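Note that the coordinates shown come from a computational prediction; the quantities given were computed from them, not determined experimentally. Numbers restart at 1 for each chain; the letters A, B, ... are given by sequence-line order, proteins then strands.
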2 protein chains.
Amino acid sequence: MQNTPIQIGLAGFGTVGTGLAQILLHNTEWIGKRLGRGLHIKTVLVQDLNKTRSFIPAPDTRFVDSIDALVDDPDLDIVVELIGGLDKAYEIIAGSLNSGKSVVTANKALLAEKGPELFSLAARKHLGLYYEASVGGGIPIVQTLKESLAGNRIKSLMAILNGTSNYMLSEMSQKQIDYSQALTRAQEKGYAEADPTLDVEGWDAAHKLCVLIRLAYGRDYPLNMLPVQGINTVSVYDIGKAQQFGYVLKLIALVKEQSGSLQAGVFPALVNQDHMLSKVDGPFNAVVLEGNAVGPIMLYGQGAGGLPTGSAVLADIMALVNQNAAYNNTGFLENDLRTANILQPELTVSKHFLRITVQDRPGVLAVLARIMGDQNISIAQLNQTQEAAGQFVPIVLLTHAAQLQQIQSAIQEIDSLEFVQSPTVHYRIL
Amino acid sequence: MQNTPIQIGLAGFGTVGTGLAQILLHNTEWIGKRLGRGLHIKTVLVQDLNKTRSFIPAPDTRFVDSIDALVDDPDLDIVVELIGGLDKAYEIIAGSLNSGKSVVTANKALLAEKGPELFSLAARKHLGLYYEASVGGGIPIVQTLKESLAGNRIKSLMAILNGTSNYMLSEMSQKQIDYSQALTRAQEKGYAEADPTLDVEGWDAAHKLCVLIRLAYGRDYPLNMLPVQGINTVSVYDIGKAQQFGYVLKLIALVKEQSGSLQAGVFPALVNQDHMLSKVDGPFNAVVLEGNAVGPIMLYGQGAGGLPTGSAVLADIMALVNQNAAYNNTGFLENDLRTANILQPELTVSKHFLRITVQDRPGVLAVLARIMGDQNISIAQLNQTQEAAGQFVPIVLLTHAAQLQQIQSAIQEIDSLEFVQSPTVHYRIL
């Protein structure tokens with residue numbers, strides 16, 4: 001029955017679910033030219049059956065409020081999980097795989113937490129578990145790592161994965177507004193949720209980074225071992241200081257292979273204004289990869305939104321239909337991903353930006369210079385300005401490459417000095 | 001015999017062939033983790049068997065100089081065509097398909113000329129004909145159009161596809177050197193060949209654009225109907241003028257869908273300095289796509305070189321092995337690509353840059369303004385400077401959106417005026 005439509009069960013009918021249904025409606029004929037079969041959303045799982053809906057996927061789409069109505073329906077070929085969160089989403093994905101259905105999901109949080117278990121289940125069942133939409137909206141980064149760069153060792157991956165944070169940093173940088181104003185604007189524009197914690201504290205980017213690390217290295221980097229820092233403590237003042245030195249402050253998700261170990265983390269960092277990532281403004285996402293064959297490449301696009309993310313979900317559905325049991329979920333043959341060798345974050349080497357706030361009196365610079373020297377940290381640039389009238393002055397130091405633990409020791413000693421007025425601000429420079 | 005190595009026949013052992021062999025050697029173990037089978041270059045077709053080679057793919061690789069030794073060898077699973085050019089490459093690809101072997105090629109010229117015929121043959125034979133390496137070096141643009149954006153209607157595609165031209169334009173722009181100096185540097189760096197015609201006259205980009213148009217629209221845009229203009233007439237003077245108005249001059253390959261017809265071409269154009277494509281410097285390539293679901297996305301990377309292009313060839317080989325007869329060559333089910341509806345190039349609407357060189361005397365501007373007005377062309381910006389001492393002055397006009405045929409008529413009239421000193425220089429603005 002090659003030409004019967006593929007029956008799809010949809011869990012969740014929010015922004016992405018609606019986006020997917022709209023694309024299916026508008027591009028029906030187009031999809032037919034590529035697939036030879038229709039895609040039909042038979043069932044949609046929602047929380048509230050009584051909610052009025054201005055748009056429904058198809059005249060005969062059935063809305064249900066029980067997980068079993070998806071999982072146990074033998075007519076469904078593919079289940080698309082778009083409800084997010086952990087427990088219910090897990091129940092839907094594991095239940096669908098156990099009952100013989102391939103799954104498409106956009107759920108980075110669940111994949112970060114339970115990915116290895118779910119991929120192992122999919123492999124045992126010989127089913128597809130696809131997740132292009134979980135990272136970077138419509139940017140084809142999962143496909144690129146899984147297939148297009150499959151022959152490459154990935155030396156490093158550096159990415160802007162959270163559109164909310166990137167929008168806020170762009171606004172702060174371009175309009176000289178502070179963090180709370182930027183957050184309000186992001187919420188007004190629909191880029192930030194009422195509770196922005198996952199975005200601004202770096203967790204959303206961290207979930208996505210865990211997904212990408214597995215694809216790039218075939219190893220699991222447990223979320224709870226990943227150093228994660230968000231943008232919630234970033235000041236417009238330091239953004240301006242970074243600009244003076246030719247840098248743009250970005251929330252960066254980074255992984256690098258270093259002698260067989262992985263160095264990874266999510267953190268705000270200074271990016272040189274000549275680097276392509278520094279040009280990524282507003283709610284956009286971008287991933288810069290360095291492969292040992294391909295060299296540097298960048299993928300750039302909208303990291304969120306119903307249509308871009310729906311586009312990625314649709315690509316996965318079409319791939320599942322086309323690949324017809326030759327599923328490639330993780331890009332690796334091993335079903336049980338081993339945990340990565342992890343480089344202690346303190347041993348990470350990079351350049352650093354420090355802003356030290358001191359009393360304006362003689363001898364201060366000599367003390368700071370002595371502390372840096374004791375830690376073997378070499379200073380590349382230094383800027384001291386008399387900001388307003390007053391006795392406190394900010395000293396901005398840019399260092400040459402140094403280990404994070406040396407910087408941390410230096411900061412600890414600096415912040416205990418009696419002439420230092422507030423905790424030293426510190427960012428890595430990429 | 002799942003675990004026997006895949007036997008590969010290689011036609012051509014230049015930069016890309018050597019790059020591929022080096023990647024296979026360095027990443028053997030890595031590729032095994034993803035594929036479960038080794039990749040073995042059994043045979044290499046070369047022109048001169050007596051040439052000394054410092055590197056060979058494997059100890060038992062056999063070098064041959066007859067096409068039949070590849071095409072007729074029943075042990076070969078995949079033939080990789082990397083000799084370029086038309087006739088011999090055609091013989092190798094068609095011969096391999098006819099004898100039951102899937103093919104990987106980097107040959108954009110042949111695909112542009114004979115693609116429909118070869119894809120049709122591959123479909124009849126139920127074999128793979130993959131060509132990621134034919135466009136954009138290691139950038140996964142073929143895969144992205146064929147699969148990741150398969151559910152999207154592509155509204156437009158705007159790309160920098162020729163690294164040689166882009167390197168030369170970057171050098172002219174950044175170092176104020178002229179075209180011939182830039183060409184010499186490109187040749188010294190190995191970015192340009194001794195005969196640079198294909199690159200600098202736009203044909204290489206045109207071949208690649210034909211390949212991308214098929215992937216994006218499922219239609220054939222015959223190469224001989226494509227308007228093609230290269231960078232060989234670009235002057236450093238006009239690059240500087242463009243910069244004064246906030247634009248960067250780039251060799252652009254463009255296709256847009258407009259009410260069911262395709263507008264396409266390769267031409268030097270002014271790109272706004274805020275646009276991501278304007279940041280693509282040196283020998284890099286980039287493709288900016290606008291899909292009706294995904295919105296704008298950009299892919300960026302090295303457009304040439306042995307290792308990047310070898311990376312793309314390897315991705316195709318691995319995909320052929322993994323997909324195991326579920327081959328997707330064109331992204332569409334139809335085997336015989338129909339010719340696209342083509343928008344007459346003269347009807348293309350865009351903004352325009354004109355540099356008119358006139359004698360410095362009263363009334364000149366009034367005449368020019370009258371001619372533009374007669375053609376319904378509205379002037380957005382105008383700049384007249386007294387360059388050196390002398391009686392000839394350049395007038396630079398930036399227009400609002402106008403049809404190409406209006407601009408062409410205006411230029412024809414302008415260039416026939418007796419006070420106009422040299423042919424008017426004209427570029428489109430994107």
Subject >> Reference residue Pro140(B); test side chain to side chain contact (heavy atoms under 4.5 Å, CB included); the match among Thr144(A), Leu145(A), Ile141(A) >> reply: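 The residue from Thr144(A), Leu145(A), Ile141(A) that satisfies side chain to side chain contact (heavy atoms under 4.5 Å, CB included) with Pro140(B) turns out to be Thr144(A).
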Subject >> Region of Leu299(A) that comes under 4.5 Å of a non-hydrogen atom in chain B >> reply: both
Subject >> Part of Asp274(A) within contact of chain B (heavy atom distance under 4.5 Å) >> reply: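 Neither part, no heavy atoms under 4.5 Å.
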Between [X] and [Y], which heavy-atom pair has the shortest distance, and what is it?
X         : Y         : value
Gly151(B) : Leu314(A) : CA-CD2, 3.5 Å
Ser311(A) : Leu149(B) : OG-CD2, 4.2 Å
Asn292(B) : Asn27(A)  : ND2-OD1, 2.9 Å
Ala150(A) : Met318(B) : CB-CE, 3.7 Å
Gln302(B) : Val294(A) : NE2-O, 3.7 Å
Lys33(B)  : Arg219(A) : NZ-NH2, 3.7 Å

Subject >> Pairwise side-chain contact, Glu147(B) with Glu132(A), heavy-atom cut-off 4.5 Å (strictly under) >> reply: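 They are not in side-chain contact.
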Rounded to the nearest 0.5 Å, how far apart are [atom1] of [X] and [atom2] of [Y]?
X         : Y         : atom1 : atom2 : result
Phe284(B) : Met276(A) : CZ    : CE    : 9.0 Å
Ile23(B)  : Arg153(A) : CD1   : CZ    : 13.5 Å
Asn328(B) : Leu35(A)  : CG    : CG    : 10.0 Å

Original post:
If you count heavy-atom pairs under 4.5 Å between each of Leu307(B), Thr309(B), Leu24(B) and chain A, which one has the most?
Top reply: Leu307(B)
**OP:** With a 4.5 Å cut-off on heavy-atom pairs, point out which of Gly331(B), Gly295(B), Gly305(B), Gly137(B) contacts chain A the most.
**Re:** Gly331(B)
**OP:** Please state whether the side chain, the backbone, both or neither of Asn152(B) comes within less than 4.5 Å of a heavy atom of chain A.
**Re:**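 Answer is both: backbone and side chain atoms of Asn152(B) are under 4.5 Å from chain A.
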**OP:** With a 4.5 angstrom heavy-atom cut-off, could you sort out which part of Asn322(B) is near chain A: side chain, backbone, both or neither?
**Re:** both
Original post:
Among Gly138(A), Gly310(A), Pro296(A), which residue forms the greatest number of heavy-atom pairs with chain B at distances under 4.5 Å?
Top reply: Pro296(A)
**OP:** For chain B, find which of Ala293(A), Ala315(A), Gly301(A) contributes the most heavy-atom pairs closer than 4.5 angstrom.
**Re:** Ala293(A)
